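A quick note: this is a predicted structure, and the numbers were derived from the prediction, not measured. Labels below follow one simple rule: chain letters A, B, ... track the order of the sequence lines, proteins then strands, and each chain is numbered from 1.
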Protein chains: 2
Amino acid sequence: MRNTHAAMPVKKTAPSIDTTTEEKIKAAAHAVFRRKGFAATRTRDIADEAKINLALLNYYFRSKQKLFELIMFETVTGFINNMQTVFNDASTSLERKIQLVAERYIDLFIADPEIPLFIMSELRNPDLEILQKLPALHVILKSTFILQYKNAVVSGKITEPNPLHFLMNLMGLTIFPFIGSPMLKKLGKLTNREFDALMQERKKLIPVWIKAMSRAKY
Amino acid sequence: MRNTHAAMPVKKTAPSIDTTTEEKIKAAAHAVFRRKGFAATRTRDIADEAKINLALLNYYFRSKQKLFELIMFETVTGFINNMQTVFNDASTSLERKIQLVAERYIDLFIADPEIPLFIMSELRNPDLEILQKLPALHVILKSTFILQYKNAVVSGKITEPNPLHFLMNLMGLTIFPFIGSPMLKKLGKLTNREFDALMQERKKLIPVWIKAMSRAKY
DNA sequence: GTCTATATACGGATAGAC
DNA sequence: GTCTATCCGTATATAGAC
């Protein structure tokens, strides 16, 4: 791949939101990539959504691939940073963290429902090497959150010793409804508003359910 | 789209498995579509995987789109039929059905781990109109399974009245780990074998967890 | 039914004027 | 920075020989 392209334009000091061409393209790329995935989106879709000329996409971001990597990086790091603070806050209890995780994930996904499926479905493409470029995921197992979980296991408050099961459960209860939303809306004849109301309920319910599960007798 | 193509060949009466060209293409299409999704697969990928000439794909199935629709239909109906029998078996208890659902889903997904993400990610493409063509999904809410659930709510054995929450929980606990497996394997430094072992554990654990949840005090 | 060769369309990317 | 026009590789699909 040649590298003779002009340098990227310098960042404006105080740009209005989404008014610069670069920002318009990024916003459109976020929307279209999330909605359709990398392979199904055409650069023309993004140009149309951003209402800019197709050539400008390459002018600012060089290639579809590079633009996608930027979008994916922003999405994933935003997602992880959001959680990192909760996971490693030494001042909150295990129960409180479970509450916070459920609330934050659900609020985030009500605002951007395509994010979970977008991330999960792009992760399966080995060409994109997203997982390799990610900040080491396994530090999650060293987080305060998981240490608190392990302590609760030792002190007998929790029956399931494997924190991976715990994480799968918490994520499954929280994230799955958004991944399966097309099917669930059809199955339950739900409007978007009704679906969101169910998700709001789950912010309260999930911590209760998790608590009940933690005391399950095997 | 023109329609001048030759008729489909008649089905052999007793073909060996995967030996006819048609079967080889279908098997390859299943594999490649599931792995990469519709937009990212090229008909050449399928032809290579099936070790047949590219032109034969169009000879047998007319177009990539038509082949995909066939594969998707087979995948989804196979998936639904598998569950239908469990959901509407009047001779099994609610608890037993929960056991059976967890076991069957997990066995199915250990054998074909890409299925959940494949279905979920293709469902978001409105062009494919998969949901429209599906056997009405909302009959699930009329199934024996859900009726038994509602009865258990009335008799006070279960606290959560909304069967949709119940279904989301059961599916989330069962399906999500397969959807998030790339991330989970990385996060937990798991080999495929270790991951499968965890899933085997969940066949026993999920019914216990669900039971504990059903008694949760709000 | 299966092959080779090719038509045709589409999508990513760039050249070059303004 | 932004536009029009266009190049060029790639992917689907078909024609036509065998």
TODO: Using a cut-off of strictly less than 4.0 Å, decide whether A/T21 has a side-chain nitrogen or oxygen near OP1 or OP2 of D/dT2.
DONE: yes
- [ ] Could you check how far CG of B/N53 sits from P of D/dA11, rounded to whole Å?
- [x] 17 Å
- [ ] Check whether any side-chain N or O of A/N58 sits under 4.0 Å from OP1 or OP2 of C/dG12, and answer yes or no.
- [x] no
Task: Partner set under side-chain hydrogen bond (donor to acceptor under 3.5 Å, both in side chains) for A/T92, not counting sequence neighbours - done: A/K97
- [ ] Grab the NZ-C1' distance between B/K24 and C/dT2 for me, whole Å please.
- [x] 11 Å
TODO: Determine the interplanar angle of the A/F166 and A/F145 rings, folded into 0 to 90°, and report it as parallel if under 30°, tilted if 30 to 60°, perpendicular if over 60°.
DONE: perpendicular
TODO: To the nearest Å, give me how far apart CD (B/Q65) and P (D/dA13) are.
DONE: 9 Å
TODO: Grab the CG-P distance between A/L56 and C/dA15 for me, whole Å please.
DONE: 15 Å
Task: Counterpart residues, ring pair (Phe, Tyr, Trp, His ring centres under 6.0 Å), relative to A/H30 (two or more places apart) - done: none
Open item on the list: Expressed as a whole number of angstroms, how long is the span from A/R62:CZ to C/dA15:P?
Closed with: 13 Å
TODO: Sorted by first residue and then second, give each salt bridge (Lys or Arg N to Asp or Glu O under 4.0 Å) pair with at least one member in residues 112-128 of chain A; sequence neighbours left out.
DONE: A/R34-A/D112
- [ ] Could you state the atom-to-atom distance from CD1 of A/I25 to C1' of D/dT2 in whole Å?
- [x] 11 Å
Compile the donor-acceptor pairs under 3.5 Å between side chains in residues 68-76 of chain A and protein atoms, sequence neighbours left out, one pair per line.
{"from": "A/E69", "atom 1": "OE2", "to": "A/Q65", "atom 2": "NE2", "distance (Å)": "3.0"}
{"from": "A/E74", "atom 1": "OE2", "to": "A/K26", "atom 2": "NZ", "distance (Å)": "2.6"}
{"from": "A/T75", "atom 1": "OG1", "to": "A/I71", "atom 2": "O", "distance (Å)": "2.8"}

TODO: For DNA chain D, list all stems, counting runs of three or more consecutive pairs where every pair is Watson-Crick or G-U wobble with both distances under 3.5 Å.
DONE: C:1-18 with D:1-18
Open item on the list: So, using ring pair (Phe, Tyr, Trp, His ring centres under 6.0 Å) as the criterion, who are the partners of A/Y105 when residues are at least two apart?
Closed with: A/F79, A/F109
Open item on the list: Looking at B/Y59, I'd like to know whether one of its side-chain N or O atoms comes within less than 4.0 Å of OP1 or OP2 on C/dT2.
Closed with: no
Task: A/Q84 side, atom CD; A/N81 side, atom CG - distance, nearest 0.5 Å - done: 7.0 Å
- [ ] Could you list all the salt bridge (Lys or Arg N to Asp or Glu O under 4.0 Å) pairs where at least one residue sits in residues 136-149 of chain B, not counting sequence neighbours?
- [x] none
Using a cutoff of under 3.5 Å, can you pull out all pairs of nitrogen or oxygen atoms linking the protein to nucleotides 16-18 of chain C, with atom names and distances?
none

Please write out the pairs of protein N or O atoms and N or O atoms of nucleotides 9-11 of chain C separated by less than 3.5 Å, giving the distance to one decimal.
{"from": "C/dG11", "atom 1": "OP1", "to": "A/R42", "atom 2": "NE", "distance (Å)": "3.4"}
{"from": "C/dG11", "atom 1": "OP1", "to": "A/R42", "atom 2": "NH1", "distance (Å)": "2.5"}

Task: Residue pairs involving residues 36-53 of chain A (criterion salt bridge (Lys or Arg N to Asp or Glu O under 4.0 Å); sequence neighbours excluded) - done: A/R35-A/E49, A/K36-A/D45, A/R42-A/D45
- [ ] Whole angstrom is fine here: how far is it from OH in B/Y60 over to C1' in C/dC3?
- [x] 13 Å
Open item on the list: Does anything in residues 189-203 of chain B form a salt bridge (Lys or Arg N to Asp or Glu O under 4.0 Å)? List the pairs, not counting sequence neighbours.
Closed with: B/D107-B/K203
- [ ] Measure from the side-chain heavy atoms of B/L54 and tell me the nearest of D/dT12, C/dT2, D/dC3.
- [x] D/dT12
Task: side-chain hydrogen bond (donor to acceptor under 3.5 Å, both in side chains) against B/N192, all qualifying residues, sequence neighbours excluded - done: B/K185
Task: Distance in angstrom units between A/E23 CD and D/dG1 C1', rounded - done: 16 Å
Open item on the list: Can you identify which nucleotide, out of D/dG1, D/dA13, C/dA13, has its nearest atom closest to the A/S63 side chain?
Closed with: C/dA13
- [ ] Mark yes or no for whether B/N88, through its side chain, and B/T144, through its backbone, hold a donor-acceptor pair below 3.5 Å.
- [x] yes
